[in-house]
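Residue numbering restarts at 1 for every chain, and letters A, B, ... go by the order of the sequence lines.
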Number of protein chains: 2
Amino acid sequence: MSHGTGVHVGDRARREIVVAASIEDVAVRAGVSTATVSRALRGLPNVSPETRRRVLAAAHALDYVASPSASSLASGRMSTVGVITPYLGRWFFGTVIGGAEAELRVAGHDLLLYTIGGEGHRYRFFDQLPLRRRVDAVLVLTLPMEGDEVEAVRSLGMPVSIVGARVEGFSSVRIDDVAGAELGVRHLVALGHRRIGLISGGRTESNRFTAPTDRSAGYRRVLVEAGLPVDPALDVDGEFTVAGGERAMAELLGRPEPPTAVFAQSDEMAFGALRAVRRAGLSCPGDVSLCGFDDHEMADLFDLTTVAQPVQEQGVLAARQVLAALSGGEYPQASVLPTSLVVRGTTAPPGSP
Amino acid sequence: MSHGTGVHVGDRARREIVVAASIEDVAVRAGVSTATVSRALRGLPNVSPETRRRVLAAAHALDYVASPSASSLASGRMSTVGVITPYLGRWFFGTVIGGAEAELRVAGHDLLLYTIGGEGHRYRFFDQLPLRRRVDAVLVLTLPMEGDEVEAVRSLGMPVSIVGARVEGFSSVRIDDVAGAELGVRHLVALGHRRIGLISGGRTESNRFTAPTDRSAGYRRVLVEAGLPVDPALDVDGEFTVAGGERAMAELLGRPEPPTAVFAQSDEMAFGALRAVRRAGLSCPGDVSLCGFDDHEMADLFDLTTVAQPVQEQGVLAARQVLAALSGGEYPQASVLPTSLVVRGTTAPPGSP
DNA sequence: TTGAAAGCGCTAACAA
DNA sequence: TTGTTAGCGCTTTCAA
């Protein structure tokens, strides 16, 4: 194959094959050196306007795009950020990644995806760290990491931002889970509820994954503030799943003295809880009020009162954090985003019709 | 900085910085040439077992990972597949991508993500084709492409697989939408329904996006087969959204002679339709039966009867198609996956209690 | 089976 | 402001 020529080769019979133009082709056409082409195209200073114009024209005419492998090899920069996520199908993760991607794209970075849901994959991932020489920075999505996993990521020696947890030495983006839970439970108390149940998530998770712990803490704090008893019998694990939420609510409704309101630590668990209410032949909020957490895209559909968290924005901020670090800015840094209460139809004063 | 040494450098005060080992380091340590290291590590033939053993040992000792930019530059292969998707937050897309990623990972390929939801992004994407020199192949997810967009993608000159549509010259993975719709509507007919409404999706979309057209065709064919009239007044656009489905169902229920059953072309529209039923003070399936399409992860929650399509598998197959093309296999090829009926609680004979 | 050597297409010192 | 030149770390002929 001849050296890149930037012209169509091959005969008429076959579909034309385009040999991509190289920086050399552009240099020749613009009558300058490759170094000048590189400078002009990357917008570096010290290029005369006239020269830059000629280079741009030549590049455009040849439909030139720099080879990322060549520039990465020469510069040591990958212009790529790795995103590690436990699931993809779930609304929260997809939405966070969407936010991050948009932000990275604008800064000229690509997004390399690593889903490590299955335990096998997970082991291989942290053991081999396949993104070692492929990316400049890493975004880790709500993934309770073990101690050695944290060290593995740290050994990458690049900027890391964690969404949904805080780890020493890494940047992070979180919401104030304690305050969020308080918002929801206070709403229930304000409506007049005195027996408020809790459907919590993942008791057995790593302690770095602070969402369940913090949301439980917020729940308890409000009860105490309001002078209400904290009854362990009203705290049931819903495992952060729809099915778990359904089981948990069924259990709560089966108590000798069932709660008149329930705070679920996630909307998905709340959806399951709603089904349990329906299956028990009861109504929400008639027999029991329910408040969720997330403002899942389906929450509106269920008319679910919930505590909203900004989701896309968490991805955007995480991306900004690593981009800042890559350009010499402050690192690590921690962002905490606010939550807000969205009142819909599943909450009402106790004993409402 | 010295040539890659594979050892820790820097003084005690600062955190150790690891300079990655290069192929040269491995070669020296194993007492062979870099060419042999390359061959041994990639599992090429013509390397004696003893040599391979020594090379692997050296590579392991130095914690060596080949630089992807260097090998890409030298070989011309990127070992990366680009995925173009309109949204990420939606269950369908996330799940397809998850399937594709797992398959690609096993084959040693990375997944580069391009979300082009916003129209601005879309234009820039097809105009500039940022993945031109970054990937070896492309997966396009259910994205109605315009003619010039198709040509832009074709001009990449690499294997392409489309999920959810069929385009001449590209591989594709689809479900049999006609047969799927027939499955759902036949179920309604079998229950005894004679007035069956249709909530269709996106009438205004490109004609390359065959799902709505095909599903409508299946609906009509079953009616005709059953000797039932095809009433245009019972065919309403739901725009493939929850809100659209709700509006469409409200409209159908407001007809002088409302249908006793409705077939929605997507589960999300069916979810909206269920809400419309509830808001109209009616019950499902008591007053009207409803069948969806997709078997969305929330379908079970709504107890929705629906036509299930394999989702993750579509991603897996699309990945396999481009991987096959990359290793010289048949291209293009088209896969059509079967659908199945999932009967739940939203369908019953007309006039059931 | 192994090695020598020539690139792959860029970037970044350094010189001019 | 621009050009020269030496790599970046691999892969791949071609020879041995």
Close approaches to DNA chain C from residues 35-50 of chain A, in residue order (heavy atom, under 4.0 Å): A/A35, A/S38, A/R39, A/R42
C/dG9 phosphate, OP1 or OP2, under 4.0 Å from A/S67 side-chain N/O: no
No-hydrogen, no-angle side-chain donor-acceptor test under 3.5 Å, A/S69 and A/S72: no
Row check, B/F93 ring normal vs B/R90 NZ/CZ: under 6.0 Å, within 45°: no
For atom CG of A/L62 and atom C1' of C/dG9, their distance in whole Å: 15 Å
Atom-pair distance (CE on A/M78; C1' on D/dG9), nearest Å: 10 Å
Short side-chain to backbone donor-acceptor contact, B/R122 and B/I116, under 3.5 Å: no
Sugar-phosphate only, base, or nothing, as touched by A/S69 at under 4.0 Å among non-hydrogen atoms: nothing
Under 3.5 Å: donor-acceptor pair, side chain of A/Q314, backbone of A/R174: no
Whole-Å distance separating the CD atom of B/E24 from the C1' atom of D/dC10: 11 Å
Whichever of A/I23 and B/V32 has its nearest DNA chain C nucleotide further upstream toward 5': B/V32
Contact under 4.0 Å: A/S33 side-chain N or O vs D/dG3 OP1/OP2: yes
Atom-pair distance (CG on B/L73; P on C/dC10), nearest Å: 9 Å
B/R52 vs A/A70, nearer the 5' end of DNA chain C by closest nucleotide: B/R52
Atom pair CG (B/L131) and CG (B/L113), whose distance is rounded to the nearest 0.5 Å: 11.0 Å
Test: A/R154 and A/D148 ion pair at under 4.0 Å: no
d(CZ, B/R133; P, C/dC10) in whole Å: 5 Å
Sugar-phosphate only, base, or nothing, as touched by A/T51 at under 4.0 Å among non-hydrogen atoms: sugar-phosphate
Sugar-phosphate, base or nothing in reach of A/R77, heavy atoms under 4.0 Å: sugar-phosphate
Inter-residue atom distance B/Q321.CD - B/L317.CG, 0.5 Å rounding: 6.5 Å
